[in-house]
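Accompanying notes for the structure given below.
These figures come from a predicted structure and were not determined experimentally.
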Amino acid sequence: HKWLIVAQNMAGMSDAAAAKVATGEPYYLPYRETFAMGKVKTMMWPEQTGVRSFNTSIEDAAGTDAGSMLFLPYRDGDASSLNLCRLSLEGARTAVMTFMHKCIVGSNAVINVNVWEPNGEVTTLATIADGATANLQVSSVNEGWTREKVDLSAFIGKPFIVVKLEATGEDDMPVFIDDIMIDDVY
């Protein structure tokens, strides 16, 4: 939800400020978003530095469902974060996220997998840089798409988390993300 916030006291009224607030119950495992036909079925939101952010796309897809998320930076160093819904790992023994990504080979694109906790702490779990992988287990490559696997088990027991897939790129070099799945894998 988006809210407009205004403060008022004896000195008068402040200017209005817009704020995004995630309310309601978190999603539970299993979680899956494929962006089929360029549509988003779960709650998520983009954030950005620069002009552009992640948007749905039917330009390319990891599978046959004709949809993914696309970040097309306007200039070098622009970044966008695809923030998944509030997610509870309650009852999980081992929580694992897999997702597909695709970048132009040789680009300076970087994808950070971050987790935001209710106390405001953000932890970077993995970094994918320029087609190479670091701190990840690459399980498959499909027509330029690479599947990544990231362990979220350290966050079991938290009231909820928000997974943030943050891409930084260069001028008009696309970064695609698709087929996000988080599940209890044992």
Side-chain angles (χ1 to χ4, degrees), residues 1-5 16-73 78-92 94-102 111-126 128 145 147-169 174-185:
H1 302 294
K2 286 188 177 180
W3 297 89
L4 194 59
I5 300 171
K20 295 178 188 171
V21 178
T23 60
E25 290 293 315
Y27 284 81
Y28 292 90
L29 300 182
Y31 170 89
R32 185 156 193 199
E33 180 61 73
T34 65
F35 312 105
M37 302 303 292
K39 305 250 187 270
V40 177
K41 294 180 185 169
T42 60
M43 201 297 230
M44 61 179 54
W45 69 97
E47 294 176 314
Q48 79 229 31
T49 61
V51 177
R52 299 178 183 153
S53 64
F54 272 104
N55 286 293
T56 55
S57 173
I58 57 171
E59 182 179 326
D60 203 345
T64 59
D65 66 1
S68 63
M69 291 299 283
L70 165 64
F71 173 51
L72 190 61
D78 280 357
S80 181
S81 178
L82 180 60
N83 304 318
L84 306 186
C85 59
R86 294 179 345 145
L87 180 71
S88 172
L89 304 178
E90 183 179 318
T94 306
V96 174
M97 176 177 77
T98 60
F99 68 98
M100 302 287 283
H101 71 89
K102 181 178 182 177
I111 300 171
N112 285 316
V113 179
N114 301 319
V115 173
W116 180 89
E117 296 180 57
N119 65 5
E121 186 175 328
V122 177
T123 304
T124 300
L125 295 181
I128 307 159
W145 288 88
R147 180 172 304 280
E148 307 291 354
K149 181 178 177 182
V150 180
D151 190 352
L152 301 174
S153 298
F155 301 95
I156 293 173
K158 303 288 183 184
F160 65 88
I161 59 172
V162 174
V163 176
K164 302 165 71 79
L165 299 170
E166 180 183 45
T168 303
V175 177
F176 292 94
I177 292 180
D178 200 2
D179 198 16
I180 302 167
M181 182 148 65
I182 303 173
D183 205 353
D184 184 8
V185 180

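- The backbone N or O of Ala95 sits nowhere less than 3.5 Å from a side-chain atom of Asp184 that would complete a donor-acceptor pair.
- The OG atom of Ser68 sits 4.5 Å away from the CH2 atom of Trp145 when rounded to the nearest 0.5 Å.
- Not a single donor-acceptor pair under 3.5 Å links the side chain of Ser81 to the backbone N or O of Lys164.
- Counting only distance, with no hydrogens or angles, the side chain of Thr124 and the backbone of Asn114 share no donor-acceptor pair below 3.5 Å.
- Between Lys149 and Val96 there is a side-chain heavy-atom pair separated by less than 4.5 Å.
- Annotation: the span from Phe35 atom CZ to Phe54 atom CZ amounts to 9.0 Å, rounded to 0.5 Å.
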Full working for side chain to side chain contact (heavy atoms under 4.5 Å, CB included) between Leu29 and Leu87: CA-CA 8 Å; Leu29 300 182; Leu87 180 71; 4.2 Å; yes
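- Atom OG1 of Thr34 is separated from atom CG of Asp65 by 4.5 Å, given to the nearest 0.5 angstrom.
- Contact of the Trp116 side chain with the Ile161 side chain is not registered, since no non-hydrogen atoms from C-beta on lie closer than 4.5 Å.
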Full working for side chain to side chain contact (heavy atoms under 4.5 Å, CB included) between Asn83 and Met44: CA-CA 6 Å; Asn83 304 318; Met44 61 179 54; 5.9 Å; no
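- The nearest pair of heavy atoms linking Glu47 to Ser53 is O-CB, 4.4 Å.
- Separating the CD atom in Glu148 from the CD1 atom in Ile180 is a distance of 12.5 Å, to the nearest 0.5 Å.
- Taking the side chain as every heavy atom from C-beta outward, Thr56 and Lys39 never approach each other to under 4.5 Å.
- Counted within 6.0 Å of CD on Glu117, heavy atoms from surrounding residues, nucleotides or ligands total more than 12; the atom is thus considered enclosed.
- No more than 12 heavy atoms of other residues, nucleotides or ligands shown are found within 6.0 angstrom of CD1 on Ile58.
- Counting only distance, with no hydrogens or angles, the side chain of Ser88 and the backbone of Tyr28 share no donor-acceptor pair below 3.5 Å.
- Ring geometry for Tyr31 against Tyr27 counts as perpendicular: the plane angle is over 60°, on a 0 to 90° scale with 30° as the lower cut.
- Rounded to the nearest 0.5 angstrom, Leu70 CG and Ser80 OG are separated by 10.0 Å.
- Residues Val115 and Met97 fail the side-chain proximity criterion, which asks for heavy atoms closer than 4.5 Å.
- Taking 4.0 Å as the cut-off between side-chain N and carboxylate O, Asp178 and Lys102 do not count as a salt-bridged pair.
- Counting heavy atoms from C-beta on, the side chains of Leu84 and Ile182 come closer than 4.5 Å.
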Give the C-alpha distance, both sets of side-chain angles, the deciding distance and a yes or no for side chain to side chain contact (heavy atoms under 4.5 Å, CB included) between Phe71 and Ile177. CA-CA 9 Å; Phe71 173 51; Ile177 292 180; over 6 Å; no
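- With rounding to the nearest 0.5 Å, the separation of CG in Leu125 from CG in Asp151 is 8.5 Å.
- For the residue pair Arg147 and Met100, the shortest heavy atom distance occurs at CB-SD, 3.3 Å.
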